Amino acid sequence: VGPTGGYNSPWLSPDEKRVAFGRQESQGGGFDIWLLELARGNLNRFTFDPAGDQYPVWSPDGSRIVFGSDREGILNLYQKAASGAGNEEVLLKSDYPKIPNDWSADGRFILYQTGGLSTDLWVLPLTGEQKPFPFLQTEFNEGWARFSPDGKWIAYSSNASGSWQVYVQSFPASGGKWMISTDGGAQPQWRRDGKELFYISSNRKLMAVDVKGNGSTFDAGVPKELFDLRLQTPALPGPRNYYIAAA
């Protein structure tokens with residue numbers, strides 16, 4: 001998709017007509033957010049700040065894009081109309097760098113990773129007081145997480161076992177967790193009906209697992225290899241290297 005270049009963190013628009021991604025203009029240079037029109041192949045620059053703008057996430061209605069930018073010295077969360085009109089608006093500032101991971105299908109929550117020596121998963125409500133709250137805080141690293149389509153589960157990457165693996169926990173967190181990958185994995189994504197999880201294995205293969213959430217329990221099948229991926233080193237834990245379309 002598109003010409004070769006220094007891309008990262010692709011995100012397909014809800015109508016699947018455009019892809020947002022971070023693009024590096026030159027070796028060692030900063031990133032900006034760009035949009036690619038899939039039908040025509042047009043590339044359009046979305047952010048113009050000389051600082052680094054990366055990790056775009058579309059809103060579920062396709063009207064906005066949230067992204068991380070270090071234009072004030074640390075990665076904070078910004079948003080902008082997906083049409084490109086208007087200026088970027090600050091969505092969340094704090095003392096630690098933040099990377100947006102997902103936007104819930106009902107539009108109520110933004111999931112992001114943040115932290116210093118280790119990264120944790122936090123949730124920013126977009127209604128009410130809009131006060132962030134932790135989803136998962138441990139001494140290990142958690143990140144590159146995604147809401148399930150029904151909003152009841154979160155799949156995420158963690159090195160709690162000593163190597164990067166994919167886990168699922170209920171949302172809000174209830175204490176139980178299930179390891180989905182069996183031999184290393186990260187960057188999980190859900191199939192649109194929530195019945196399958198995809199992830200990247202430690203040897204750069206795209207994997208798929210049949211899954212089923214039932215009340216307070218979660219069942220996962222045996223991971224199966226789909227195909228090899230051409231990825232830069234390292235493949236794990238991130239940033240995002242792929243996106244799952246509906247078809």
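Bear in mind that the values here come from a model prediction, so they are computed numbers and not experimental data.
Of the possible donor and acceptor atoms, none in the side chain of Gln54 sits under 3.5 Å from a partner among the backbone N and O of Gly22. The main-chain N or O of Glu37 is never found under 3.5 Å from a side-chain atom of Asn42 such that the two would form a donor-acceptor pair. Without hydrogens or angle criteria, Thr114 side chain to Pro97 main chain gives a donor-acceptor distance under 3.5 Å. The backbone N or O of Tyr78 sits nowhere less than 3.5 Å from a side-chain atom of Glu89 that would complete a donor-acceptor pair. Although no hydrogens or angles enter the test, the distance criterion places no donor-acceptor pair under 3.5 Å between the side chain of Glu142 and the main chain of Ala160. Side-chain N or O atoms of Lys205 include none that pairs as donor or acceptor with a backbone N or O of Lys224 at under 3.5 Å. Checked by atom type and distance alone, the side chain of Ser202 pairs as donor or acceptor with a backbone atom of Asp183 at under 3.5 Å. Judged purely by atom type and a 3.5 angstrom limit, Ser148 uses its side chain to pair as donor or acceptor with the backbone of Trp153. Thr138 places a side-chain N or O within donor-acceptor distance of the main-chain N or O of Phe140, the cut-off being under 3.5 Å.
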Between Asn241 and Leu229, is the side chain to side chain contact (heavy atoms under 4.5 Å, CB included) condition met? List the steps. CA-CA 9 Å; Asn241 293 111; Leu229 295 171; 5.9 Å; no
Stepwise, does the side chain to side chain donor-acceptor pair (under 3.5 Å) test hold for Asp61 with Ser59? CA-CA 5 Å; Asp61 64 1; Ser59 65; 2.7 Å; yes
As a quick check of understanding, evaluate side chain to side chain contact (heavy atoms under 4.5 Å, CB included) for Asp210 and Glu196, giving each step before the final call. CA-CA 4 Å; Asp210 293 328; Glu196 192 172 25; 4.1 Å; yes
Side chain to side chain contact (heavy atoms under 4.5 Å, CB included) evaluation trace for Val209 with Val222: CA-CA 6 Å; Val209 185; Val222 178; over 6 Å; no
Does the pair Phe21 and Tyr7 meet the rule for a ring pair (Phe, Tyr, Trp, His ring centres under 6.0 Å), with working shown? CA-CA 7 Å; Phe21 49 82; Tyr7 304 111; 4.8 Å; yes
What do the steps show when you test Leu43 against Leu35 for side chain to side chain contact (heavy atoms under 4.5 Å, CB included), and what is the final call? CA-CA 6 Å; Leu43 271 172; Leu35 303 181; over 6 Å; no
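Each of Trp144, Trp190, Tyr112, Trp11 was checked for a side-chain contact (heavy atoms from CB on, under 4.5 Å) with Asp102, and the lone residue meeting it is Trp11.
The line from CD of Gln165 to OG of Ser157 is 10.0 Å long, rounded to the nearest 0.5 Å. Atom CG of Leu92 and atom NZ of Lys131 lie 12.5 Å apart (nearest 0.5 Å). A distance of 6.5 Å separates CG of Leu126 from CG of Leu91, quoted to the nearest 0.5 Å. The CG atom of Leu117 sits 8.0 Å away from atom OH of Tyr96, with the distance rounded to the nearest 0.5 Å. Interatomic distance, CD of Gln137 versus OG of Ser118, reported as 9.0 Å (0.5 Å rounding). We find the CZ-CG distance between Arg71 and Asp53 to be 4.5 Å, quoted to the nearest 0.5 Å.
If you check the side chains of Thr119 and Gln113, you find no donor sitting under 3.5 Å from an acceptor. A donor atom on one side chain and an acceptor atom on the other are found under 3.5 Å apart for Gln79 and Arg64. Side chain to side chain, Asn203 and Ser201 meet the donor-acceptor criterion of an N or O pair below 3.5 Å. Side-chain contact annotation: Asn76 with Lys98, donor-acceptor N/O pair under 3.5 Å present. Asp32 and Thr47 form a side-chain donor-acceptor contact under 3.5 Å, judged by distance and modelled atom types alone.
Scanning all heavy atoms of the two residues, the minimum distance from Ala208 to Leu226 falls at CB-CD1, 3.9 Å. Nearest approach of Val19 to Pro10, heavy atoms of both residues: CG1-CB, 4.0 Å. Across Val90 and Lys93, no two heavy atoms sit closer than the pair CG1-CG, 3.6 Å. Minimum interatomic distance between Ile74 and Ser94 (heavy atoms only, all atoms of both residues): CG2-O, 4.1 Å. Heavy-atom minimum distance, Gln130 versus Pro132: O-CD, 3.6 Å. Summarising the geometry of Pro149 relative to Asp193, their closest heavy-atom pair is CG-C, 4.4 Å, with the distance given to 0.1 Å.
The side-chain hydrogen bond (donor to acceptor under 3.5 Å, both in side chains) search around Ser13 returns Asp15, not counting sequence neighbours.
Transitive grouping of hydrophobic side chains (ILVMFWY, heavy atoms separated by less than 4.5 Å) brings Val57 and Ile33 into a common cluster. One hydrophobic cluster, built from ILVMFWY side chains closer than 4.5 Å, cannot hold both Phe31 and Ile65; they sit in different ones. Under a hydrophobic-cluster definition in which Ile, Leu, Val, Met, Phe, Trp and Tyr are linked whenever side-chain heavy atoms come within less than 4.5 Å, directly or via other members, Val211 and Val168 are assigned to the same cluster. Cluster membership check: Phe198 does not share its hydrophobic cluster with Met207, using side-chain heavy-atom separations under 4.5 Å among Ile, Leu, Val, Met, Phe, Trp and Tyr. Residues Leu77 and Trp103 share a hydrophobic cluster, clusters being chains of Ile/Leu/Val/Met/Phe/Trp/Tyr side chains in contact below 4.5 Å.
Contact check for Ser104 versus Pro60: no side-chain heavy atoms found under the 4.5 Å cut-off. Side-chain atoms of Tyr199 and Gln189, non-hydrogen and from C-beta on, never get closer than 4.5 Å to each other. Taking the side chain as every heavy atom from C-beta outward, Gln187 and Ile200 approach each other to under 4.5 Å. No side-chain heavy atom of Ser216 sits under 4.5 Å from any side-chain heavy atom of Ser170. At least one side-chain heavy atom of Trp164 sits less than 4.5 Å from a side-chain heavy atom of Asn159.
Apart from Phe133 itself, the hydrophobic cluster it occupies contains Phe109, Leu111, Leu121, Val123, Phe135, Leu136, Phe147, Ile154, Tyr156, Tyr167, Phe171, Met179, where clustering links Ile, Leu, Val, Met, Phe, Trp and Tyr at side-chain heavy-atom distances under 4.5 Å.
Cation-pi contact between Arg23 and Trp34: present, with separation from the ring centre below 6.0 Å and deviation from the ring axis of at most 45°. In this structure, Lys80 is positioned above the aromatic face of Phe46, its NZ or CZ under 6.0 Å from the six-membered ring centre and within 45° of the axis.
Between Phe218 and Trp178, the two ring planes are tilted [angle within 30° to 60°].
Residue-environment remark: CG (Asp95) stays at or below the threshold of 12 foreign heavy atoms within 6.0 Å.
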